[in-house]
Structure formats: structure tokens, C-alpha cells
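Contents: one structure, followed by commentary.
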Amino acid sequence: MSQSAANLPLLPTSVVGSYAKPSWFWTAMDAVRRGEYGPTDIRETLEDATNIAIRDQERAGVDVISDGEMQRQDFIMGFFDRLEGLKAIEPVRRQGSAGYDQMSSFVAVDELSAPTGLGIVQEVEYATIRTTRPIKVTCPGPLTLSFRIDPGDAYKDSEDMALTMVRIVNSELRALVAAGASFIQIDEPRYANFPGGGRQWSDLFNETVKEVDAKLALHICFGNYQNRPASRRSYRPMFPSILDIKADQLVLEFANREMSEIDLWKEFPSDKELGAGVIDIKSYYIEKPQEVAERVRYILQYVAPEKLWVNPDCGFNHTPRWVAEAKLHAMVEGTLMVRHELEGSR
């Protein structure tokens, strides 16, 4: 099992979840779709990609890593293969610039269920014996999982369907804890699509993590498909109600918005940790360590050092591997600069 999180340094570095896929992974997945790979071929491909994600993060010096979400093949779409009660709906647009309206959607034709779980338990079991570093396990939240599903005649409305998804996700989270997961992040980019959800989103999250005995984080971004946002990029409408969630940490994006709204952390004080995005995953520009250090110093004007974690804005799923690698190294090196400054002043 990975080392204890109690051994973490000041300003721990981490990732949001997904990691950049090697070039060969894309051609391998094309071969899988053509039926050219058998089950063993597929398993080896996904495991090799996971091994690379772990090693790249270790080499960069990231304190708390992920498995790169490689075995999912996608942030969210792969989970629908594990849900029963769905019927696929063809995308409304197939040509032109890639966008959210080209992604598959579904309609519920029966009560939703995941008889064999969402598959994340198997991911963490594989990853934890391949690293000595602490691992953050990531799971999409019920609102994000429900967003691409029309309730159809199976549910009276989307809210009713989301309650079923809460039970499915909660079951997976409790199974993750039983499998040894001690740090779990729930991903809810769809909160940004309905920022006025307020208390409704807090209640939904709290029900999702009920009886889940682990360090918990909530990641809210503005969408990252093809490095494009899907909503208005502001957290302000979510405050202060988002602070009612029963999570230890909020993981938010700041770098691609020029550190905008970091002042919310002082305007609405809380005892929660902040996982602050200091790396712009939507840009090919490789931040210099000095620039990362400047961003971290700026954040520390609003967040206590003991409450600050450092991470990219979002996952690297839509970022070339060479860019992701360079950005991770810059993130860690820049954070080390500030860490040494803080330790030297104590």
C-alpha cells in the first residue's frame, strides 16, 4: 500500500485525475474498436498506459499521484458501459469542430443500476501495488454522470434520476474505502452549468459521501473536452453555499483565468483545504518554475500554507504527453521554491 498521507510536506503537490495518453494508446484504441485486440491485448494496453502515467508523475516528483484514469479510456463515457437501464442516443452533430454536442448521450429505459460497480475499485487495486506514493482516487459525481442521460419514462424528472445515481456512486465510494482508498475526489464539472444550485448541490454531495470514511475532495471545473470550457467560468455564484459540502478539500481551477477569484477564499473563510490550479492545461505554453512559484506566492496571500495543495487546473486527458510532462515538472519545481522559502522562514 502507498505511504501515509501524514508524511506529506508543506504545500503538497497533486494532480486532478486524468493523465495524457501516449501516442500509441490512440492507435491501440482504434485497433480495439476495429476488433483487432483480444481481452488480453486490451488489458495489457490499459495497464501499460497506467504504468506510464504513474512513472511520469513519480519522475516529476508529484507528492500525491493518480493512476491517470487510463483504464477508463475517458473521463466519463466509459462508465455508461457499466450502467444498466440505458439506451444510447446518436449525437446530433457528427461533422465539424469537435465539441460537447458530438458526444454520445442516453435515455433511461429502466431503473439505472451498476451490478458490477463502476470499475474504480479495480483501478485503485492495480495502482496501489505499483507505487509507494499516496494515491488520490477520482470518481465522477452523480450530477455529472446524470447530465448526459434523459430520464425518459423511467423517472419523473432529472432530480429523481440523480437520486438513483447518488446511490450508485455512494456504493462505489464505500467499496473504494473497503479496498484501501484513503483520499477520494468526486468530480462535478456540471455544478458550473447550474451555479445557482446552491443548497441542492450541497445536499446531493453530502448524500453521495454518506458513511464514506476517507479524506474527501470535490473538484469543480468548467469543462475540458477538447480543451474547451462548457460553462461560464466563475465560481462566485456557488459561494458561500458550496462550503456546506462535507468535504475536506475543494479543487478549483485558477491558472487559465489569470488567478481570478482566489479572493473568494478570504471573502468566505472556511476550514477547508484548497487544491489550487496553478497549471493551465488548456495551453501549450509551458510554465516556468518561477512563474509557478509566483502563482503559489500570490495564492498564499489568501490561503494559509497548511491549507494549500498545488495541482493543475484540471486533468491532462486532452493534453499531449510531452506538454503534460513538462508542465508537471514545472509545477513541482516551482512549488519546491516556495516550500523552501516557507521552511526557511520558520
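Since we're looking at a predicted model, the values are computed, not measured. The figures that follow rest on heavy atoms only: side chains count, while hydrogens, waters and symmetry mates do not. Counting begins at 1 with the first residue of the sequence.
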Give a yes-or-no answer on whether the side chains of T50 and Y126 include a donor-acceptor pair shorter than 3.5 Å. no
With no hydrogens and no angle check, just 3.5 Å: does a side-chain donor-acceptor pair link D56 and Y19? yes
First locate atom CG of D67, then atom CG of L46, and finally report the distance between them rounded to the nearest 0.5 Å. 10.5 Å
Hey, does the side chain of E188 reach the backbone of T144 with a donor-acceptor pair shorter than 3.5 angstrom? yes
Are there over 12 heavy-atom neighbours, none belonging to D213, within less than 6.0 Å of that residue's CG? no
Would you call E261-R233 a salt bridge at under 4.0 Å N-O? no
Say whether, by atom type as modelled, one donor and one acceptor occur between the side chain of T131 and the main chain of T128 under 3.5 angstrom. no
Does K266 pair with D263 as a salt bridge, N-O distance under 4.0 Å? no
More than 12 heavy atoms from other groups under 6.0 Å of CG on D153: no
Is there a side-chain contact (heavy atoms from CB on, under 4.5 Å) between V16 and I281? Walk through the geometry before answering. CA-CA 11 Å; V16 173; I281 52 86; over 6 Å; no
Shared hydrophobic cluster for F316 and F222 (ILVMFWY, side-chain gaps under 4.5 Å): yes
Name the orientation class of the two ring planes belonging to W265 and F239 (parallel below 30°, tilted from 30 to 60°, perpendicular beyond 60°). perpendicular
Verdict with supporting geometry, L216 and L173, side-chain contact (heavy atoms from CB on, under 4.5 Å): CA-CA 10 Å; L216 296 170; L173 298 180; 5.6 Å; no
I need the S171 OG to L118 CG distance, nearest 0.5 Å. 8.5 Å
Between Y191 and W201, how do the two ring planes meet: parallel, tilted or perpendicular, split at 30° and 60°? parallel
Please confirm whether the backbone N or O of I65 pairs with a side-chain atom of R133, one donor and one acceptor, at under 3.5 Å? no
Is there a donor-acceptor contact under 3.5 Å from the side chain of K156 to the main chain of P151? no
Ignoring hydrogens and geometry, is there a side-chain-to-backbone donor-acceptor pair from K282 to D313 under 3.5 Å? no
Please indicate whether E343 has more than 12 foreign heavy atoms, meaning atoms of other residues, nucleotides or ligands, lying under 6.0 Å from its CD. yes
For K215 and Q249, indicate whether the former's side chain and the latter's backbone hold a donor-acceptor pair under 3.5 Å. no
Any side-chain heavy atom of I245 sitting closer than 4.5 Å to one from L250? yes
Strictly distance-based, threshold 3.5 Å: is any side-chain N or O of E123 a donor or acceptor partner for the main-chain N or O of E69? no
Please evaluate residues N311 and V15 with respect to the criterion side-chain contact (heavy atoms from CB on, under 4.5 Å), reporting the C-alpha separation (whole Å), side-chain torsions for both, the decisive distance (0.1 Å), and the verdict. CA-CA 5 Å; N311 45 253; V15 290; 5.9 Å; no
Measure from the side-chain N and O atoms of Y155 to the backbone N and O of L112, and report whether any donor-acceptor pair falls under 3.5 Å. yes
Could you give me the CA-CA distance, side-chain angles and deciding distance for K272 and K307, then say whether side-chain contact (heavy atoms from CB on, under 4.5 Å) is met? CA-CA 7 Å; K272 297 188 188 303; K307 293 293 185 178; over 6 Å; no
Are the side chain of T208 and the backbone of N170 linked by a donor-acceptor contact shorter than 3.5 Å? no
Can you tell me how far apart CD (E341) and CG (L11) are? Round to the nearest 0.5 Å. 10.0 Å
If we ignore angles and hydrogens, is there a donor and acceptor under 3.5 Å between the side chains of E111 and T164? no
With a 4.5 Å limit on heavy-atom distance, are the side chains of P312 and K327 in contact? no
So does F268 have more than 12 non-hydrogen atoms from other groups sitting under 6.0 Å from CZ? yes
Kindly say whether E253 contributes a backbone atom to a donor-acceptor pair with the side chain of Y235 at under 3.5 angstrom? yes
Can you tell whether the side chains of R297 and E294 come within less than 4.0 Å, N to carboxylate O? no
